[in-house]
Each structure stands twice: as C-alpha cells, then as structure tokens.
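Worksheet for the structure shown next.
Every heavy atom of this structure was used, including side-chain atoms; hydrogens, water molecules and symmetry mates were not. Everything numeric here is computed off the predicted structure, so don't read it as measured data.
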Amino acid sequence: MNLSNLKKQVPAKLYNRGLDYFEQDFVEQLTEDAPNRWHARVAGTRDYDVSVNLTKDGTIVGSYCTCPFESDSLCKHEVAVCLAIRKYKEENGSTTAVDVHTQLKALKKAELLEILEDLAEKQPAVQLYLTEKFTNPDGMDENKARRIIRKAVSRASRKGFIDWDRTEDALEGVWEVQEFVNGLNLQHDAERIVRLSLMIVKECTEILEIADSSSGDISLAIYESLEKIDVTLAEWPGKLDESAVGQMLDLLYPHILFGLERDMTDAADYLMESVLQWNKNDDFADVFYGFIEKVIGSKEMQDKTYAYAEERFRVMQLSVLLQQRDLKAVEAFYAEHYSYPAIRKVQVQQALEADEYEKVIRLCEESERLDAGLPGLVHDWKELRFAAYEGTGNTEEIIGLSFEFALKGEEEYYVKLRGLVDAEQWPKVLEQLLAEMKNSPRALPLYLRILIDEKRLEELLDYCRSNVSAIEHLYPHLLADYPHEVNEIYTAYIYRQIERASNRKAYWTACQIIKNFKGALGAEAAAGLIEELKFMYPKRTALLDELEKIE
C-alpha cells in the first residue's frame, strides 16, 4: 500500500471517514521523528497517537494507532495521518520534517546565541519581539499576559471549542499569569495586581463560553482572581482620596458591565462589593451611590429580562445610605424601591434590631400578600414575623406558626411547639399534628421521629406495612415488641426486590438486604428464608449462585 493509492487499497467507509478527519484538521502535531518515521496525534472521541513508517517511495511498511480498532486495514485515524503526510510531501517536496524543539535542546549555548543573533538580524518580527521583551524586563503587562493566555487557549481548542479533557491545557497561560501576580509585592504593585487580575477574569469568562467547564477549573481561576482583587483593595497601600476612588471606579466600570452582559458568573457583584470596602469611613458615600446608580442605568443592566440583578445592586446602594445614618434618606429609599423583596428584608431586619416589633409584623404581613405566589419568600416573611411575636411574647401567634412550620418538617419549631403548649392540651395538639403530617412528604422524617420518640409503635408498624422498604432502618424500634410482624414485613420486602430483579446485579442487591435481615432477625431466620427462596425460584441460576455466597 502506497500513499498515492490509499483510496483503492482502503475500504471505502474507512477511507471516507479518514478523509473527513483529515479535512477537518483533526491531525495535529505531525512530525517526522526520523527519516520516513512519522508521528501525529488525531482528535476523535478522544485523542489517539498514530505512527506510520514509510519507504522512500511512500510505501507504507508499518503503522500503529492507539484506538481500539482491529483489522488488517488501516483505521480511520491512520488514513487521516497518511493523507496529512502526503499533503506535507506534496507541499514541501522531499524535505524532511525536523523536530525543532529537540534540535534546539541539543545545541550548546554559543550555538543558540549565534542562531538568535542571526534571526534578530534577518527577521523583523523576531527583532520586534525581543525589543518588546527587553523593554519590559520586570515581568508582564496586560497585553503580554493576554497573549500568553490566548496562546494556551488556541493550542487547546479544537474547531473553536475546548473539550473537558483539554481544560487544563487551555488554562496553562492563566496559571502562568496568576503565578506572576502572586509574586508581586502588594505595597508596590497594587494597581498592577488589580489590572492583571481583572484581565484574567475577563479572559476566563470568555473561555467559559467555548469550553466544557464541568471540571470547575475555569470558574476556580475566576474566583481566585476576584479574591486577589478583594484582598488587594482591602489592603490598599496608597492614600484613599476622591481621585484614587474615581480612578479605581473608572477601571472597574467596564469590567462590571462585562460581567453583567455575559452573566456567567457573579463577578460584577463581587467587584462592586470589593470596592465598597473603600467606603469604610463614609468618606465617599455620594461617589459610590452615584456610581451604583450609573451601573444600574447602564444598557447592560437594563437589558436584563429579570430584575434580580438590579435588586442586588439596589441593596448595595442601600448599604451606602445606611452607613450615612441619614434616616430620612433611608426611609425615602425604602418607599421608592418597596417592590424589591431584598429591600423589604433589610427594612424588616432594621426594625427587628430596633425592637420595633409591631412594625415588623405589619411589614411582613404586607410582604406575604405581595409575594403570595412565591412560597419560599412567604416562608421567610413568616419566620421574621415569628421572631417579632417572640419579641412581643405573643404565645398564641407563636404556637400557630410553630404548628405550621412543624407541618413542613421543621424540627426546631416542633420543639418550640411542644414546649409552649400546656401539658393537658398537648395530646390533642399532637394528634392533630400527626394526622396532618401523615400525608405530607416534606414532614415524613419528622413524623417518623415523633412516632419513635412518643413510642407510638403501632403507627410506626402501620407505616412500615405501607412502605415495606422502611423496615430496613426502622426495625430496631419495632423488633422487641413486634418480632413476628418485623419478620413478615422484612420478608415481603425481600420478595418484592427479587420479583423485580432480572439480572445478577439486581440479585446481588437483594442478597445484601438478606444479609441485613440476617443481622436483624438472626441466622436461623435468614437460613429459612434462603431455603424458601431456593424452592420458589429453582430456575434462576444467578439468584441461586448469589444466595450461596451469603455467609
């Protein structure tokens, strides 16, 4: 078989698939390691290494691929590499491909310097590269860092996409820049740290858009850089005056808008919260308030389908007002932005801290009506109202809400309920509670816990009869009083598992339950059950085999 007649020698299906791989540029790192000994990597379901040995006239005398294909023919990956070799030979004649990296590593220092000087003299691009490098001898600027990151991304991407197993390769440049940033001195390079970290966040966000990020490494790199910015701003070495604040806000503004526009991380929120640290002494409240208003008014914010993003920034704006302790301005803000639940929560918390319990109750009841279609929020308002009732000592309302929360399976409120209800009234309240909890999936764990604590074993047994799988973890509470019933329910559970089983794995699972049955009811009961199963299912050889393995 020769490179020139592949199409005639290889089965059409394999040739066409190999041709498709070749035309899609799936052949990578094609090198001639030695005369007529070629090697390449081919992208497929995964990456495969291919070796091809040729004679001088292009006859294929040997080939190997790491894919699982087994045949006397070339596989599709070998076909793709052979086509790539043929194209290379057509474009370069008989010139042998050279492994440049290997050759350079073998040279002595003087030889390398001679080659470098020759390149600098004859190649303007090399001269420009070296000039730039020596102009910035103390490390890297944003442009250089960006090139390093993008070069790694370009190497790792395939047809504009980065597969999950290439994420680490794509992030090599990011990690190199982060390592450089971590080596900078915060006292002397604070602004540089922020600028480079912002650039990393932006580049990584763009990487997220073209990558399978299931490993989480890209997001981790983003949050490490955001944390670096946060720490740097917290420990800022320079004087914080209005000019410095203005410059930092100008620097952050496009990055906050970028984060809002792409909406892939909460980087916009993180950056805003980080820079708000600079308002510790309330020296720049008006500047920050106006800056947040500018962000909220931006096209990127107003293009949002939902108001959640604006709500978060309104809360930040409110925090600036609260720092100023201008109660009139705060109340006006509450009134203007009352539609946001998060704003109302701050208002309620503020009233709670001031022991204004009646105000809390009124605000919560209003919010329950406003957010009636959002069960989670309604629950939050009721919890805050509960705290206000505790403050006023309104036992009747506390009992009512405790009962309601206990029905949802919240144990802490059940404990409070039991402690507040009179001993004489408790049996009646408990009966009502259990009757309503019995059919509530959310309350099931608490329901069973109450049955156990209250020694209501007949009800616990009834539950197990209706839900036989529960016997595995509830039998310890029933065995002493109901040994026969536990045996009966446990056996029914095991029979149900075996009746549904149709393969060895399912039989193995059922036999693990029998082992637990043996631990609960003893070896004799287990032996009897096993013999019964053998009699009932004599033709299920896999089951019989697994039963024999039970010790």
* When rounded to the nearest 0.5 angstrom, what distance separates CG in L184 from CD in E179? -> 11.5 Å
* To do: Go through the side-chain N and O atoms of Y447 and N439 and say whether any donor and acceptor fall under 3.5 Å apart.
  => no
Determine all donor-acceptor pairs shorter than 3.5 Å in which one atom belongs to a side chain in residues 414-426; sequence neighbours excluded.
unit_1, atom_1, unit_2, atom_2, d
K416, NZ, E390, OE2, 3.3
R418, NH1, E454, OE2, 3.1
R418, NH2, E454, OE2, 3.2

* Polar side chain donor-acceptor pair, D462 to S466, under 3.5 angstrom -> no
* Distance-only donor-acceptor check, side chains R344 and S367, under 3.5 Å -> yes
* Classify the side-chain pair R385/Y389 by whether it contains a donor and acceptor separated by less than 3.5 Å. => yes
Show me the donor-acceptor pairs within less than 3.5 Å that the side chains of residues 229-253 make with the rest of the protein, sequence neighbours left out.
unit_1, atom_1, unit_2, atom_2, d
D230, OD1, S274, OG, 2.7
D230, OD1, Q277, NE2, 3.3
T232, OG1, K228, O, 2.7
D241, OD1, S243, N, 3.2
D241, OD1, A244, N, 2.8

* **Non-neighbouring partners of E485 that pass salt bridge (Lys or Arg N to Asp or Glu O under 4.0 Å), sequence neighbours left out** => none
* **Q324 side chain to A285 backbone, donor-acceptor under 3.5 Å** => no
* Do Y270 and E227 have a side chain donor and acceptor closer than 3.5 Å? -> yes
* Asked: Taking atom types as modelled and ignoring hydrogens, do the side chains of Q347 and Y338 form a donor-acceptor contact shorter than 3.5 angstrom?
  -> no
* Asked: Once the angle between the rings of Y493 and Y490 is folded into 0 to 90°, is it parallel (under 30°), tilted (30 to 60°) or perpendicular (over 60°)?
  -> tilted
* Asked: How are the rings of F386 and Y413 set to each other: parallel, tilted or perpendicular (split at 30° and 60°)?
  -> perpendicular
